[in-house]
A.B. asks: 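Before we start, here is the structure in question, set down as structure tokens.
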Amino acid sequence: MNKSNFVRKGMIVAGVTLALTACSPTFRNHGYAPSELDLADVIVGVDTRDSLVTSIGEPSIAGVIGEDSWYYVGSRWRHFAYRKPEVLEREVVAISFTEDGVVENIERFGLERGQVVAINRRVTETNIQNVNLIRQLINSVGNVSADQLIN
């Protein structure tokens, strides 16, 4: 085999490899929402802010409205070639506390057909607090462009 045939075949293989890898989707995770397994160790009415920091970590958002709630926000995106990134899933875990700093409610919210849906709740009271804030968190996570960060 002469050198020009070898180079030509190498370029064809490289081109085909590049074309095939460019067509595969890339997945990215933004933020952090603890899993059900992580939250299984949290005991409503017993655990405190300090014990949550050691067991599941710092929240994404805390003290937005007051010191009585923590919010963990996570999303998964699919990037495919030249197309606009697509949100595959988005979740908010809301943990509210009593005045003494003891866990009062644990709620997980997701996004289904553009609507906020309660996926899981471990609550001591049935009233959902700060639903508008949770809706805004779910709808806006990851929707920040570079020009918004500069201004």
A.B. asks: Is there side-chain contact between E107 and V93, with heavy atoms separated by less than 4.5 Å?
C.D. replies: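 Not in contact.
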A.B. asks: With clusters built from Ile, Leu, Val, Met, Phe, Trp and Tyr whose side-chain heavy atoms come within less than 4.5 Å, directly or transitively, what are the remaining members of the cluster of F27, listed by chain and number?
C.D. replies: L88
A.B. asks: Can you sort out the partners of N29 under side chain to side chain contact (heavy atoms under 4.5 Å, CB included), two or more places apart, ordered by chain and number?
C.D. replies: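 In terms of side chain to side chain contact (heavy atoms under 4.5 Å, CB included), with neighbours along the sequence ignored, N29 is linked to R76.
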A.B. asks: I need the minimum non-hydrogen distance between G74 and A33, along with the two atoms involved.
C.D. replies: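 Taking every non-hydrogen atom into account, N-CB, 4.0 Å.
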A.B. asks: So, for V42 and D47, which heavy atoms are closest and what is the spacing to 0.1 Å?
C.D. replies: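 Scanning both residues completely, I find the closest heavy atoms to be CA-OD2, 3.2 Å.
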A.B. asks: How many angstroms lie between OH in Y32 and OG in S75, if you round to the nearest 0.5 Å?
C.D. replies: 14.5 Å
A.B. asks: Kindly give the heavy-atom pair with the smallest separation between Y71 and S69, and that separation in Å.
C.D. replies: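 Scanning both residues completely, I find the closest heavy atoms to be OH-CB, 3.6 Å.
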A.B. asks: Can you find a pair of side-chain heavy atoms, one from R108 and one from L39, that are under 4.5 Å apart?
C.D. replies: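 R108 reaches L39 side chain to side chain.
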A.B. asks: Give, for atom CD1 of I106 and atom CD of E36, the distance between the pair rounded to the nearest 0.5 Å.
C.D. replies: 9.0 Å
A.B. asks: Given the rule in the side chain to side chain contact (heavy atoms under 4.5 Å, CB included) test, do I56 and W70 qualify, once you have shown the distances and angles that lead to the verdict?
C.D. replies: CA-CA 12 Å; I56 61 174; W70 282 4; over 6 Å; no
A.B. asks: On a heavy-atom basis, which atom in V44 and which in E104 lie closest, and how many Å separate them?
C.D. replies: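 The pair with the smallest heavy-atom distance is CG1-O, 3.1 Å.
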A.B. asks: Not counting sequence neighbours, which residues clear side chain to side chain contact (heavy atoms under 4.5 Å, CB included) with D50? List them please.
C.D. replies: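 D50 satisfies side chain to side chain contact (heavy atoms under 4.5 Å, CB included) with T48 once adjacent residues are dropped.
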A.B. asks: So, for A94 and F109, which heavy atoms are closest and what is the spacing to 0.1 Å?
C.D. replies: CB-CE1, 4.2 Å
A.B. asks: With sequence neighbours excluded, what pairs up with S55 under the side-chain hydrogen bond (donor to acceptor under 3.5 Å, both in side chains) test?
C.D. replies: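 Here no residue qualifies.
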A.B. asks: Looking at CZ of R90 and CH2 of W77, how far apart are the two atoms once the value is rounded to the nearest 0.5 Å?
C.D. replies: 5.0 Å
A.B. asks: What heavy-atom pair brings Y72 and P34 nearest, and what distance separates the two atoms?
C.D. replies: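 Scanning both residues completely, I find the closest heavy atoms to be CB-CD, 3.4 Å.
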A.B. asks: Taking C-beta and beyond as the side chain, do V102 and V46 meet within less than 4.5 Å on heavy atoms?
C.D. replies: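 In short, these two side chains do not touch, never coming nearer than 4.5 Å.
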A.B. asks: Which is it for N105 and I95 under the side chain to side chain contact (heavy atoms under 4.5 Å, CB included) test, yes or no, and what are the steps along the way?
C.D. replies: CA-CA 6 Å; N105 296 330; I95 300 177; over 6 Å; no
A.B. asks: Which residues pass the salt bridge (Lys or Arg N to Asp or Glu O under 4.0 Å) test with E86, not counting sequence neighbours?
C.D. replies: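 Applying salt bridge (Lys or Arg N to Asp or Glu O under 4.0 Å) to E86 gives R78.
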A.B. asks: Passes side chain to side chain contact (heavy atoms under 4.5 Å, CB included), E91 versus V73? Steps please.
C.D. replies: CA-CA 6 Å; E91 291 185 344; V73 183; over 6 Å; no
